[in-house]
Amino acid sequence: MEKKKLVLIGNGMAGVRCIEEILKLANGKDQFEITIFGSEPHVNYNRIMLSAVLAGDTTIKDIEINSIEWYTENEIELFTNETVTRLDTEQKVLYTNKDREMKYDYVIMATGSNPFILPVPGADLEGVIAFRDIKDCETMIDAAKNYKKAVVIGGGLLGLEAARGLLNLGMEVDVVHLQDHLMERQLDQDAAKLLRVELEKQGMNFLMPKLTDKIVGTDRVEKVIFKDGSETEADLVVMAVGIRPNTLVASESGIEVNRGVVVNNYMQTNAQDVYAVGECAEHREVVYGLVAPLYEQGKVLANHIVGENAGAGYQGTVLSTKLKVSGVNVFSAGEFVDDGSTRSVRVYDEFEGIYKKVMIRNNKVVGAVLFGDTKESTKLLSMINEGADVSDMAPINILQSNDAVSESLTASLAANDNVCGCNGVTKGTIVSAIRDQSLCSVEEVSGCTSAGRSCGTCKPMISELLADTLGDEFDATAKTEALCGCTDLTHEEVVAEIREKGLTHTREVMNVLGWKNEDGCSKCRPAINYYLGMVHPTNFEDERESRFVNERMHANIQKDGTYSVVPRMYGGVTNPTELKRIAEVAERYNVPLVKLTGGQRIDLLGIKKEDLPNVWKEIGMPSGHAYGKTLRTVKTCVGESFCRFGTQDSIGMGIALEKKFEGLNTPHKVKMAVSACPRNCAESGIKDVGIVGVEGAWEIYVGGNGGTELRKGDLLCKVKTSEEVLQITAAYLQLYRENARYLERTSHWIERVGLDYVIDQVISNEQNQKELSERMEIVLSTVKEPWSEIYESNELQTELFKNKHVEVIQ
Ligand SMILES: Cc1cc2nc3c(=O)[nH]c(=O)nc-3n(C[C@H](O)[C@H](O)[C@H](O)COP(=O)(O)OP(=O)(O)OC[C@H]3O[C@@H](n4cnc5c(N)ncnc54)[C@H](O)[C@@H]3O)c2cc1C
Ligand SMILES: NC(=O)c1ccc[n+]([C@@H]2O[C@H](COP(=O)([O-])OP(=O)(O)OC[C@H]3O[C@@H](n4cnc5c(N)ncnc54)[C@H](O)[C@@H]3O)[C@@H](O)[C@H]2O)c1
Ligand code: SF4
Ligand code: FES
């Protein structure tokens, strides 16, 4: 079959993706001889990531999408630095600015947009630029080396991302905005207000509402003057006031143009065999400026042009956006302004800086705005796209999956929910690809499914899906043992950097260590929080929002949304007074289930979240930490006082251990037991630390586990006195704290590092033992009792239990 000549005008994101789709289809490659013209001097690159380049999070080299080898391998003829000027649609010939003429059979126009430059005096001065391509990005990076003050005109997505990048480059930044609220095309007033406050904290200065009158300077820009007569100094002005579809080739060729090049559902223009795709195209009077719709268009076009069934064609897209500014989570999708026909559910948490609004019309979700916590964005976008009926849901449940999902971003997603919004890739597709093609890294998943190839904000979710699907194999087979998909650094490297660079906050760690996803994920945030506390025990500010929900609430969440409360009973010992108080509380709060735990204490299950502080106070006992990565219980046998086999005071030893180590933060939960003879009634052989009394001595066992992977503890040493048991346990636990990876149980850690290493560090090297236990004493001096801390503090109670206002508004 003779190949048809297919020419792509525009070597950018939408056009080249469409060519990739054509090449993927059977016969696609064989049908066409492909030529691409691009005005820019580069191969196809990820324009979206220019914001990340400017912010110093990645480099221009790293944002290349298709290497020059890709064009060669696919036999694509590429002309960079060459602009197509006109088509003769009768003769099927195109012309370029380099006097080239080329015959074609099919043309795809993917010429993108031009940034809008305000038609004000001085807009042509040196130092006045747009932010659209690599050249603009390089100009800004160079300007920051020589100049101090930048003015960004436009408080939309682009302007704010530019401003963040310029701040990172060390410039002072004014953002000039026309309206009195930022991102007015995506956010309502309330979200915009919170956004402004957050960005001001980051150092941005807002001049709004302001209309630019002129830009002045001699050779280079010196100041911007506004219509109200005020002015601001400027060494650099970045215009980010919107874009206009680039329709020049079409209009020069007599092809129908409105705002963009007019296309039908198959992306055909009114000229024979001429298609348009991307930001230059106008479909049903809409021009899109985000990649998700453009990639959908490219898929339809590819199917149509190769003669595959393209169904009903492109049907339009509900837009959703996320601002890519470090430290700010903003999501907006569909409708966001209330009108008479909508009702909305809102959650506004001033303490945490969280605002969520879901718009509902005729029992269907039609839009959402999330600020501060965007975990539900994927779920909400699916609901909007599916037109999900929410008439059976309590309004708050539409928004409050947050507690339940906070341990996993992906667990609550259905197989047909999109994980990667940019590329339209579902959870089901990713999980099948991982299973069927034995994928084991985020890069491999991206390569096979395209998920994660654009803005990259979905990479943490891909990483979670890998972990969930591969289970234990994930770590074993991953190319690198990176802490999570947000970084290539290992746990050990992150800890080393925290120590070396003196990093003290989660955000700082992510910024300084170049996190790929600026907000981190549910894997790295708790880990970093733990490592910071481990490295800097005395000046550590625990980041509550980085903790798993159970640790944040100091109680275990149950499947019906209530909580369980387990007070501490040192060594499993209680008395009638405590039992009476527990019984009274159970009656007063209608506790549906009171149960003895395997760790020798009492569990009150089914407590409402708002009742927690009062229940804790009225029980009057310390927290049993049944929910934390910390010491859980010390189980004891009755020992020498009552048992005829007992050789030691196991209860006394257990209570001493529990009192010493309660509340200690550890990489994972730690369970202990003390038995007074080798009959081991307290099951000391399968605990993280198990103590066994023998005649005149104690044996210390470590690394035992009674869970799914049963492991018998290893004998660490045998000592004579209780003091030695306490000191060696302290040294051992401190070594575990400093050396293990977050979420690694002692049983796995010992398997990894070896018992010999632990004996060497804790037993053989006495100086080391002393230093480890001294460091443990420092940590222990910082421990606070969490329940009383909360019920004695109105502020904490409001923060945790009372500050979510839920309104259903007509
Ligand atoms: C800094 C920045 C951040 C962004 N962040 C996001 C984001 O987070 N999420 C998101 O979805 N979108 C984002 N966008 C928007 C996204 O990059 C665009 O929607 C997307 O690049 C449009 O693809 P396109 O192929 O239509 O246009 P482009 O990528 O602009 O490609 C068009 C190409 O055609 C070339 N060209 C034009 N005319 C001719 C001609 N006559 N002959 C030859 N070549 C020609 C141009 O030089 C250009 O290289 C961002 C944009 C910028 C600038
Ligand atoms: N995270 C993302 O998804 C992302 C990031 C960057 C860019 N983009 C896309 O790139 C394109 C360009 O972004 P954009 O922010 O320039 O476009 P935009 O149209 O979304 O925003 C332009 C903003 O400039 C303001 N403005 C207009 N005239 C002004 C004036 N004279 N003075 C001050 N402000 C004025 C408008 O009120 C508007 O808020 C859009 O399609 C956008 O979706 C997306
Ligand atoms: S472990 Fe030994 S001392 Fe303790 S209760 Fe059992 S038999 Fe008695
Ligand atoms: S959501 Fe943007 S790359 Fe996946």
Side-chain angles (χ1 to χ4, degrees), residues 8-18 36-42 44-54 79-86 94 96-97 109-115 130-134 136-137 157-158 161-162 165 240 243 245-250 252 276-281 288-295 297-298 319-324 378 418-425 446 450-459 461-462 636-640 642-648 650-651 673-684 692-693:
L8 171 70
I9 308 175
N11 189 25
M13 296 190 73
V16 179
R17 171 58 75 90
C18 178
I36 301 180
F37 286 96
S39 302
E40 293 186 65
H42 312 282
N44 175 36
Y45 63 89
N46 189 341
R47 198 172 300 284
I48 295 179
M49 294 304 275
L50 287 176
S51 306
V53 172
L54 192 69
F79 296 102
T80 54
N81 251 331
E82 187 160 344
T83 299
V84 173
T85 49
R86 182 171 74 82
L94 63 78
T96 77
N97 66 344
M109 287 193 280
T111 48
S113 298
N114 292 319
F131 183 19
R132 179 72 194 177
D133 55 26
I134 288 184
D136 297 329
C137 201
L157 290 159
L158 186 65
E161 291 183 13
I243 51 176
N246 182 353
T247 56
L248 196 62
V249 182
E252 289 291 310
V277 70
E279 283 186 348
C280 67
Y288 293 94
L290 294 167
V291 292
L294 311 185
Y295 288 168
Q297 296 175 351
L319 285 186
S320 71
T321 44
K322 277 187 183 168
L323 179 69
K324 307 192 300 302
T378 312
N418 262 348
V419 167
C420 176
C422 290
N423 296 284
V425 189
S446 286
S450 283
R453 278 181 77 198
S454 307
C455 72
T457 54
C458 56
K459 284 187 176 175
M461 287 203 275
I462 302 174
T636 63
C637 77
V638 288
E640 67 178 5
F642 292 92
C643 178
R644 59 203 169 99
F645 300 110
T647 57
Q648 297 280 4
S650 49
I651 294 179
V674 185
S675 306
C677 88
R679 287 172 182 76
N680 246 328
C681 292
E683 298 165 342
S684 305
V692 178

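Note that these values count all heavy atoms, side chains included, but never hydrogens, waters or copies made by symmetry. We count ligands from 1, going down the list as the structure has it; atoms in each ligand are counted the same way.
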Nearest heavy atom to [atom] wins, so pick from [options].
| atom | options | answer |
| --- | --- | --- |
| atom 9 (N) of ligand 1 | T321, D136, I48, L319 | I48 |
| atom 53 (C) of ligand 1 | Y295, F131, Y45 | F131 |
| atom 32 (C) of ligand 1 | A110, C455, G10, G456 | A110 |
| atom 2 (C) of ligand 1 | N246, L158, N81 | L158 |
| atom 48 (C) of ligand 1 | R47, H42, R132 | R47 |

Region of [X] engaging ligand 1 - heavy atom pairs below 4.0 Å:
| X | result |
| --- | --- |
| Y288 | neither |
| L294 | side chain |
| V291 | both |
| E82 | backbone |

### Task
State whether C420 contributes an N/O/S atom found under 2.8 Å from atom 4 (Fe) of ligand 4.
yes
### Message
With a cut-off of 2.8 Å, does C455 put an N/O/S atom close enough to atom 4 (Fe) of ligand 4?
### Response
no
### Note: R86-E252 ion pair, threshold 4.0 Å (strictly below)
no
### Query
Does the pair E279/R47 count as a salt bridge with the N-to-O cut at 4.0 Å?
no
### Task
Determine, step by step, whether I243 and R132 satisfy the side chain to side chain contact (heavy atoms under 4.5 Å, CB included) criterion, reporting the C-alpha distance in whole Å, the side-chain angles of both residues, the deciding distance to 0.1 Å, and the verdict.
CA-CA 9 Å; I243 51 176; R132 179 72 194 177; 4.1 Å; yes
Calculate, to the nearest 0.5 Å, the distance between atoms [atom1] and [atom2] belonging to [X] and [Y] respectively.
| X | Y | atom1 | atom2 | answer |
| --- | --- | --- | --- | --- |
| Y288 | L319 | OH | CG | 6.0 Å |
| T111 | I9 | OG1 | CD1 | 7.5 Å |
| L50 | D136 | CG | CG | 8.5 Å |
| K459 | R453 | NZ | CZ | 10.5 Å |

Between [X] and ligand 1, is there a nitrogen or oxygen pair with a distance under 3.5 Å?
| X | answer |
| --- | --- |
| A14 | yes |
| S51 | no |
| E161 | no |
| V84 | yes |
| M13 | yes |
| K322 | no |
| T83 | no |
| E40 | yes |

Protein contact to [atom] [nearest heavy atom, distance to 0.1 Å]:
| atom | answer |
| --- | --- |
| atom 8 (O) of ligand 1 | K324 NZ, 2.6 Å |
| atom 10 (C) of ligand 1 | L290 CD2, 3.5 Å |
| atom 26 (O) of ligand 1 | E279 N, 2.9 Å |
| atom 15 (C) of ligand 1 | G289 O, 3.6 Å |
| atom 27 (O) of ligand 1 | G112 CA, 3.3 Å |
| atom 37 (C) of ligand 1 | T111 O, 3.3 Å |
| atom 31 (O) of ligand 1 | G12 CA, 3.3 Å |
| atom 1 (S) of ligand 4 | G421 N, 3.4 Å |
| atom 36 (N) of ligand 1 | S39 OG, 3.6 Å |

### Task
Take M461 and T378, measure what side chain to side chain contact (heavy atoms under 4.5 Å, CB included) needs, and give me the verdict at the end.
CA-CA 10 Å; M461 287 203 275; T378 312; 3.4 Å; yes
State, to 0.1 Å, how close [X] and [Y] come at their nearest heavy-atom pair, and which atoms those are.
| X | Y | answer |
| --- | --- | --- |
| C637 | A682 | N-CB, 3.7 Å |
| V84 | V249 | O-CG2, 3.4 Å |
| S684 | V692 | CB-CG2, 3.7 Å |

Enumerated ligand 1 atoms positioned under 4.0 Å from heavy atoms of [X]:
| X | answer |
| --- | --- |
| I9 | 40 (C), 41 (N), 42 (N), 43 (C) |
| V249 | 41 (N) |
| G278 | 26 (O) |
| F37 | 43 (C), 44 (N) |

Taking the side chain as C-beta and beyond, is there a heavy-atom pair between [X] and [Y] under 4.5 Å?
| X | Y | result |
| --- | --- | --- |
| S450 | Y295 | no |
| P678 | F645 | no |
| N423 | R17 | yes |
| H42 | T80 | no |

### Which of the ligand 4 atoms, numbered from 1, are nearer than 4.0 Å to a heavy atom of S454
3 (S)
### Task
Run the numbers for me: atoms of ligand 4, each under 4.0 Å from some heavy atom of C458, listed by number.
1 (S), 3 (S), 4 (Fe)
### Task
Look at ligand 4 and say whether G452 reaches it with a heavy atom at a distance under 4.0 Å.
yes
### Message
Could you enumerate the protein N, O or S atoms under 2.8 Å from atom 2 (Fe) of ligand 3, written like residue then atom name?
### Response
C677 SG
#### Entry: Step-by-step side chain to side chain contact (heavy atoms under 4.5 Å, CB included) determination, N11 to F79
CA-CA 9 Å; N11 189 25; F79 296 102; over 6 Å; no
#### Entry: Test side-chain hydrogen bond (donor to acceptor under 3.5 Å, both in side chains) applied to S675 and N680, step by step
CA-CA 5 Å; S675 306; N680 246 328; 3.1 Å; yes
### Task
In sequence, state the C-alpha distance, the side-chain angles, and the governing distance for C455 and K322, and then conclude on side chain to side chain contact (heavy atoms under 4.5 Å, CB included).
CA-CA 9 Å; C455 72; K322 277 187 183 168; over 6 Å; no
